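Step one of this worksheet: look at the structure below.
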Amino acid sequence: MAKIIDGKAISAQVRAELAEETKLFEKENGFLPGLAVVIVGDDPASHVYVRNKGRACDEVGFYSETHKLPKETTQEELEALVDRLNADEKIHGILVQLPLPKHLDEEKILLKISPDKDVDAFHPYNVGKIMIGNYSFLPCTPAGIMVLLERSGIEITGKKCVVVGRSNIVGKPMAMLLLHANGTVTVCHSRTKDLAAVCREADILVAAIGKAEFFGADMVKEGAVVIDVGMNRNAEGKLVGDVDFAAVEPKASYITPVPGGVGPMTITMLMKNTLTAAKQAVKRG
Ligand code: GUN
């Protein structure tokens, strides 16, 4: 029987701490941390995420603004908005919701966001800092996972960590954070030979491939810590992770559920990055 890592409870705890820190910040500086969220087009899932980001800002006491742009928005118009937000003193963090409509150049937009306001940590400058291990902004999902591990009292030093998935948003930065925490890290992907055997070696297994209930009991070592980053719909339309929870839970020592595991932490870490950005703006003067 595994201990269930309650991402909702840990997320609520961290948000309460951030709300306290924000009160203090306002008292000392006379203004609030500010986040601008930009969304282009009408993808319903993206609109739900963006709404949740606005609500999280309200919860921790930030100033926030949401810029909803039509799907026909041009590259020039979007870049002009990012320029304005870069120069806006009320705004400390800028998030452009991905994916963008196909006619827009995502990479160019992410490069436009000032690295000082890049609370997603997607700008190559911040990605580079993550590699070096000298970072101010942490990529939100991997950072949320590190908090879940820490607050569950899970030791990383010397542990075999297997990350499955090599995306720029999750897999690659996750591997770096585990490495900085002294884990021995293996990154697997769709071309990995005998994936199950590699996964069975893991003391800490991070599943981030986006395939519903792909990881079964045969891929998990007895007593492993299993972190499920997946958010998929199964054949019945139910929200499930990358891990077959019912099969794996009896074998694991700790496991994150879906929903209610990693998901709630991601936006919470965005709030933390925004507060960090505001503190750094004060330091720069
Ligand atoms: N779309 C899905 N996840 C994310 C994220 O973490 N940041 C941004 N900007 N867009 C996303």
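Whatever order the structure lists them in is the order used to number ligands and atoms, beginning at 1. Note that the structure is a prediction, hence the values are computed from the model and not measured.
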By side-chain hydrogen bond (donor to acceptor under 3.5 Å, both in side chains), which residues pair with Ser46, not counting sequence neighbours?
->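 side-chain hydrogen bond (donor to acceptor under 3.5 Å, both in side chains) list for Ser46, sorted by chain: Asp43.
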
Applying ring-ring contact (aromatic ring centres under 6.0 Å, His included), name anything that partners Tyr135, two or more places apart in sequence or on another chain.
->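 Tyr135 satisfies ring-ring contact (aromatic ring centres under 6.0 Å, His included) with His180 only.
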
For Tyr63, which residues count as a ring-ring contact (aromatic ring centres under 6.0 Å, His included) partner, sequence neighbours excluded?
->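 Result, ring-ring contact (aromatic ring centres under 6.0 Å, His included) vs Tyr63: none returned.
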
Heavy-atom count check: over 12 atoms from other residues, nucleotides or ligands less than 6.0 Å from [X] [atom1]?
X      : atom1 : value
Tyr49  : OH    : no
Lys221 : NZ    : yes
Arg191 : CZ    : no

Distances under 3.5 Å, N/O of ligand 1 against N/O of the protein: list each pair and its distance.
unit_1: ligand 1; atom_1: 1 (N); unit_2: Gln97; atom_2: NE2; d: 3.2
unit_1: ligand 1; atom_1: 1 (N); unit_2: Leu98; atom_2: O; d: 2.8
unit_1: ligand 1; atom_1: 7 (N); unit_2: Asp120; atom_2: OD1; d: 3.1
unit_1: ligand 1; atom_1: 7 (N); unit_2: Asp120; atom_2: OD2; d: 3.3
unit_1: ligand 1; atom_1: 9 (N); unit_2: Val96; atom_2: O; d: 2.8
unit_1: ligand 1; atom_1: 9 (N); unit_2: Asp120; atom_2: OD2; d: 2.6
unit_1: ligand 1; atom_1: 10 (N); unit_2: Leu98; atom_2: N; d: 3.0

